[in-house]
Amino acid sequence: MKNLPLLFCGIFFALAFSFTGLILSSHIQLGGLTPSTETMTPSELDPSVMVMVEGDTRFPQQAVGIAQQGKDVYISMGCIYCHSQQVRRADFGADIARGWGPRQTVARDYVTQARVLLGTMRTGPDLAHVGGRPLNADWHHLHLFNPQITSEGSTMPPFAFLYDTQVIDGAPSADALQFPPGSEYGPEEGYEVIPTRRAVALVEYLLSLKINYSLPEAPIQ
Amino acid sequence: MSKSPSNSPKENPYSSASAKVRAELSEIDASIRTAALFFVTSAIVWLIIGTVFALLVAFKAHEPNFASSYEFLTFGRVRSAHLNAMALGWTSNVIFAVGLWIMARLSRFPINHGGMLLIAGFFWNIGLTLGIYGILFGDLTSVEWLEIPHYATPLLAISYTMIGVWGIMAFRFRKGDHVYVSQWYILAALFWFPWLYVVAQLMIIWFPARGVVQSVTNWWFAHNFLGLWMTPMALATAYYLIPKVLGRPIYSYYLSVLGFWSLAIFYNWAGMHHLIGGPIPVWIISAGIVGSVMMVVPVIVVGINHHMSVVGFHKEVWHSPTLRFIVFGAISYTLVSLFGSAMALRSVNEITHFTHFTVGHAHHGVYAFFTMVMFGGVYYMMPRLLKREWPSAALIKLHFWGSAIGITLMVVALQTGGWIQGMQMNNPDILFLDIVQGTIPWLKARSVSGLFLTVGHFAFAINFFWMLFAAGSVRAKEGPTLLAKLKEGGVA
């Protein structure tokens, strides 16, 4: 190969091709995607055009307040390396059959997120809809403090460093963890375990993860 | 590249028997010596650091309570520290050393002002140290392959530019008409990597694109880190050293052209197979699957070209430290790439996605292929840079067997365990915790494989520093360090 301009052009266009085809094209297709009402209705002006229903709430909604801070904790702990946040369609894998969500997730489900955490690993279960499962804040706190309490045999590491163990001063604190009676993971007599601000935020974030709304392109059946 | 396969020294100055050409190469070696030694030393230090992280994270994967009270040692962080120490510390430093050295030699152009290259390399490693520290202490981005926090990445990007430009300069001022296949690969990789890195940083971290456009960009970058950065560099090294050591040309010029361009065109679409089944437009995923399957073309072509170049020389390959590693790597390239193409098929991906199978596949590519080839490159380069021989053949053998057994065990364990994990995950009647329990024996096997790799890496590091600090100087008089006695002199 002696024709160097051709070599340079080839090297340039090889990557330019996929950069245009994948990155710019997906940006053009999805970069303007916005939250939508759950269903659409024909426009009054031109019935062939579908429009959002006036007055209906738009989904997905932006996570707010402490749940948003909890996402930062989720990011800084690297939860994504064992937990995905995406539900595949019913006939591809068993995501929906396992109760990981009522419907598949679609691109619009992620448009309000500053950082998208789809994930590619399921050492642990998918969390896209974990807030919609029958698990309350107490369960999540015990599970984070030591997963063996709620899920014996799990390989998830304990996040006990997100909790403080302190002497019970008079009456037990309202937010102290409620260990099962006789649990080997509970604190010593006279002590209690309370969540730090980061633990509270993380649990709020987990509880906020819900696919409990329809989208026009992905209705809950 | 020589116009046609030819053994004549006149047409192929790169394996010339003439003293003049050898003296020229020796001068070029001297011009890059300090910088290359710095990069190799950094690479090996990062390899050892990355190995320690790897052992920790492998052990924690089946013993979750181990060292769990330290926040900075939590699984997600140590895993990311391991990946970045290996990808940017070991991989990129060894690429800077071996890749630039090969480029300078093939271009027959010395690296002038090597001091600036050294300074840039210094800042690369400072940026990386800062990045790993940031990961461990909670600033990781949780974007796969881009975990290094935003305050360290500009330093990496700038120092990369200062490093990469030397390779392009050497090529720009090359002597002679020949442009060899290794030069195409190195030139292309030096140009592709910054494009990928800057786009990924801008579109994910600095000015986040909307929704899953981030994920598309993420996997375009992450898969191309292997495909357009590591792979071309390892192929360039193999293409340079196989003919060099054996003293015979590459089998077919035309196959190397076909191999290069088909890789350039198809590989950079393939990353989308990491998003199969995800909330991504189906056309993007289909494009990724097509790219992945089409990778069969460059892989088979390169495989044939390499195989035909070493066929009949099996004894020499086995006796040469360089070629023993490189041929192991080249065979792994064919295997891992064919696996990769198969894994991109929707029916296979439905099982392997989200499991340890993918982790095994990643190590198959980055270690069994890339790292083994680069080990071979270092074994060849060091004696030329230092004018000394490797002090111990026994340590080289220990390195080879530690690495070869370790990586084979790891890939088999993770892919068998991962396949079972995937099959079970797709059956909703099996409790999730039972699946987790089922992976534990395979994860323990992975930890054992890590011990083998650790032994190999320490053997490598000991031999390297022993050589660096002059202990091998006596051996130079006896000729190259081979892994068996040869009847006649020959390969190194």
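Values below: every heavy atom of this structure, side chains too, minus hydrogens, waters and symmetry copies. So that the names make sense, note that chain A is the first sequence line, chain B the second, and so on, each numbered from 1.
If you measure heavy-atom distances from A/A128 to chain B, you find no contacts under 4.5 Å at all. Only the side chain of A/Q86 comes within contact range of chain B, with at least one heavy atom under 4.5 Å from a heavy atom of that chain. Looking at B/S69, only its backbone comes within 4.5 Å of chain A, counting heavy atoms on both sides. There is no contact between B/D139 and chain A, counting heavy-atom distances below 4.5 Å. In this structure, chain B has heavy atoms under 4.5 Å from both the backbone and the side chain of A/T123. With a 4.5 angstrom heavy-atom cutoff, B/Q421 touches chain A only via side-chain atoms. Of the atoms belonging to B/W220, it is side-chain heavy atoms, and not backbone ones, that fall under 4.5 Å from chain A. For chain A, the nearby part of B/L433 is the side chain; its heavy atoms alone come within less than 4.5 Å. For B/L73, no part sits under 4.5 Å from any heavy atom of chain A, backbone or side chain. Heavy atoms closer than 4.5 Å to chain A are found in the backbone of B/N427, but not in its side chain. Using a 4.5 Å cut-off between heavy atoms, A/A160 does not touch chain B at all. Looking at A/M77, both its backbone and its side chain come within 4.5 Å of chain B, counting heavy atoms on both sides. Contact of B/F357 with chain A is not made at all, since no heavy-atom distance falls under 4.5 Å. Looking at B/T355, the atoms closer than 4.5 Å to chain A (heavy atoms on both sides) all sit in the backbone: N, CA, C or O. Proximity to chain B is limited to the backbone of A/E152, based on heavy atoms less than 4.5 angstrom apart. If you measure heavy-atom distances from B/T141 to chain A, the contacts under 4.5 Å come from both the backbone and the side chain. In this structure, no portion of B/I135 lies under 4.5 Å from any heavy atom of chain A. Looking at B/I351, neither its backbone nor its side chain comes within 4.5 Å of chain A, counting heavy atoms on both sides. Interface residue B/I205: backbone and side-chain heavy atoms are both found under 4.5 Å from chain A. B/Y70 touches chain A through its backbone: at least one of N, CA, C or O sits under 4.5 Å from a heavy atom, while the side chain does not.
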Point to revise | Residue pair A/Y81, B/L140: steps toward the side-chain contact (heavy atoms from CB on, under 4.5 Å) verdict | key: CA-CA 12 Å; A/Y81 298 105; B/L140 76 163; 4.0 Å; yes
Point to revise | side-chain contact (heavy atoms from CB on, under 4.5 Å) between B/F354 and A/R88, intermediate numbers included | key: CA-CA 12 Å; B/F354 302 119; A/R88 295 180 292 177; 3.6 Å; yes
Point to revise | Candidate pair B/F260 and A/I11, rule side-chain contact (heavy atoms from CB on, under 4.5 Å), full reasoning | key: CA-CA 10 Å; B/F260 175 78; A/I11 288 171; 4.2 Å; yes
Review point. Does the ring pair (Phe, Tyr, Trp, His ring centres under 6.0 Å) test come out yes or no for A/F8 and B/W184, once each step is laid out?
Key: CA-CA 9 Å; A/F8 274 119; B/W184 316 338; over 10 Å; no
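Contact of the A/L15 side chain with the B/Y267 side chain is not registered, since no non-hydrogen atoms from C-beta on lie closer than 4.5 Å. For the pair B/P281/A/Q29, a side-chain contact is recorded, criterion being any heavy-atom separation below 4.5 Å from C-beta on. No side-chain heavy atom of A/F92 sits under 4.5 Å from any side-chain heavy atom of B/H353. A heavy-atom distance below 4.5 Å is not found between the side chains of B/Q437 and A/T155. A/L7 is listed as a side-chain neighbour of B/W261, based on a closest heavy-atom distance under 4.5 Å. Looking at B/V436 and A/S154, their side chains never come closer than 4.5 Å, going by heavy atoms from C-beta outward. Residues A/L118 and B/W219 are not in side-chain contact: their nearest non-hydrogen atoms beyond the backbone lie 4.5 Å or more apart. Contact annotation: the side chain of B/N218 never approaches that of A/V116 to less than 4.5 Å [non-hydrogen atoms, C-beta and beyond].
Atom NZ in A/K71 sits 10.0 Å away from atom OG in B/S142 (nearest 0.5 Å). From A/L30, atom CG reaches atom CD1 of B/I284 across 6.0 Å, with rounding to the nearest 0.5 Å.
Atom NE2 of A/H27 has 12 or fewer neighbouring heavy atoms from other residues, nucleotides or ligands inside a 6.0 Å radius. Enclosure of atom CZ in A/F17 is not indicated, since only 12 or fewer non-hydrogen atoms of other residues, nucleotides or ligands lie within 6.0 angstrom. Residue-environment remark: CE (B/M423) stays at or below the threshold of 12 foreign heavy atoms within 6.0 Å.
Among A/V111, A/I75, A/I80, the residue making the largest number of heavy-atom pairs under 4.5 Å with chain B is A/I75. In terms of heavy-atom pairs under 4.5 Å with chain A, the best-connected choice from B/F75, B/W195, B/F66 is B/W195. With chain B as partner, the option from A/P125, A/A97, A/P157 having the largest number of non-hydrogen pairs under 4.5 angstrom is A/P125. Of all the listed residues (B/V213, B/T217, B/V359), the one sharing the greatest number of non-hydrogen pairs under 4.5 Å with chain A is B/V213. Top candidate by heavy-atom pairs under 4.5 Å with chain B, chosen from A/S76, A/G78, A/S18, is A/S18. Among B/G76, B/G288, B/G271, B/G422, the residue making the largest number of heavy-atom pairs under 4.5 Å with chain A is B/G76.
Shown here for A/T34 and B/R210, the closest heavy-atom pair between the two residues is CG2-NH1, 3.8 Å. In plain terms, the two heavy atoms of B/P279 and A/V106 that are nearest each other are CB-C, 3.5 Å. In terms of heavy atoms, B/F432 sits closest to A/G124 at CZ-C, 3.3 Å. Of all non-hydrogen atoms in A/R98 and B/L431, the two that sit nearest each other are NH1-C, 4.3 Å. Residues A/G93 and B/N426 share a closest heavy-atom pair of CA-OD1, 3.5 Å. Residues A/A14 and B/N268 approach most closely at O-OD1, 3.3 Å, considering heavy atoms.
Evaluation of the salt bridge (charged side-chain N to carboxylate O under 4.0 Å, His left out) test over residues 117-132 of chain A, restricted to residues two or more places apart or in two chains, returns A/D95-A/R122, A/R122-A/D126.
B/E71 contributes no side-chain N or O that, together with a main-chain N or O of A/F161, makes up a donor-acceptor pair within less than 3.5 Å. A/R115 places no side-chain N or O within donor-acceptor distance of the main-chain N or O of B/V143, the cut-off being under 3.5 Å. With hydrogens and angles disregarded, no donor-acceptor distance shorter than 3.5 Å links the side chain of A/R89 to the backbone of B/G277. A donor-acceptor contact shorter than 3.5 Å is absent between the side chain of B/Q214 and the backbone of A/L117.
Relative orientation of the B/F191 and A/F12 rings is tilted, given thresholds of 30° and 60° on the angle between their planes.
Not less than 6.0 angstrom separates the ring centroid of B/W192 from the ring centroid of A/F19.
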